[in-house]
> 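Supplied in structure tokens, the structure appears directly below.
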Amino acid sequence: MPSRVLDIRGEDSVEMFKALASDARAGILSLLAENPMNINALGQSLGISQPSITKHIQVLEQAGLITSEYLPGAQGLQKMCSVRYDRFIISLESSQDATDRIEEVEMPIGLYTL
């Protein structure tokens, strides 16, 4: 399966940093990287209540780091969550056009030697 990589620039990374600024959310991402899980399984694995897990999932969804879908479960629907990306690449350089960083040097012809 091809790797899914998220490449974001400095000014676009604020929401991602906010989403990653929690040990609980980092733990959720680690678990989901292994395999998709529902809300209850995530809560049991991390020892966190279902309402708290739900809030953390919402933050991760808003940042675009995970996806969720409702599937039939033993008692009604269950919310299954999975990661969207295998890797994050965060570039802190500005998103200026590459042509702004090109230098031109002129050299007269005939001044070359072996």
> Where do E15 and A63 come nearest, in terms of heavy atoms and distance?
O-CB, 3.9 Å
> To the nearest 0.5 Å, tell me how far I39 CD1 sits from Q44 CD.
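That separation rounds to 12.0 Å.
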> Between R84 and E61, does at least one N-O distance fall below 4.0 Å, as a salt bridge requires?
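Salt bridge absent between R84 and E61.
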> Between P72 and Q78, what is the shortest heavy-atom contact and its length?
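That would be O-NE2, 3.8 Å.
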> Would you say that more than 12 heavy atoms from the other residues, nucleotides or ligands in this model lie under 6.0 Å from the CG of N35, or not?
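Yes, enclosed.
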> To the nearest 0.5 Å, what is the distance between CZ (R25) and CG (L46)?
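Result: 12.5 Å between the selected atoms.
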> Closest approach of A24 and I48, non-hydrogen atoms and distance?
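Closest pair (atom of A24, atom of I48, distance): CB-CD1, 3.7 Å.
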> Test side chain to side chain contact (heavy atoms under 4.5 Å, CB included) on N38 and C81 and set out the steps.
CA-CA 6 Å; N38 66 27; C81 305; over 6 Å; no
> Looking at F88, I'd like to know if its CZ atom is crowded, meaning that more than 12 non-hydrogen atoms belonging to other residues, nucleotides or ligands lie closer than 6.0 Å.
yes
> With clusters defined by side-chain heavy atoms of hydrophobic residues (ILVMFWY) lying less than 4.5 Å apart, directly or transitively, does I28 cluster with M80?
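No: no chain of side-chain contacts under 4.5 Å links M80 to I28.
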> So does R4 get a backbone contact from the side chain of D86, meaning a donor-acceptor N/O pair under 3.5 Å?
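The answer is yes, because a donor-acceptor pair under 3.5 Å joins these two groups.
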> Can you measure from CD (E34) to OG (S45) and round to the nearest 0.5 angstrom?
9.0 Å
> Kindly compute the distance separating CG (L65) from CG (L29), expressed to the nearest 0.5 Å.
6.0 Å
> How long is the span from the CG atom in L60 to the CG atom in L20, to the nearest 0.5 Å?
7.5 Å
> Any heavy-atom pair between the side chains of I53 and N40 that's under 4.5 Å?
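A side-chain contact under 4.5 Å is absent here.
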> Assess the side chains of T54 and Q50: does a donor N or O sit below 3.5 Å from an acceptor N or O?
yes
> Side chains of L31 and L42: does their closest heavy-atom pair fall under 4.5 Å?
yes
> Let's go through L32 and S82 carefully: what are the C-alpha distance in whole Å and the side-chain angles of both, what is the deciding distance for side chain to side chain contact (heavy atoms under 4.5 Å, CB included) to 0.1 Å, and is it a yes or a no?
CA-CA 5 Å; L32 293 178; S82 58; 5.7 Å; no
> How long is the span from the CD1 atom in I57 to the CE atom in M37, to the nearest 0.5 Å?
10.0 Å
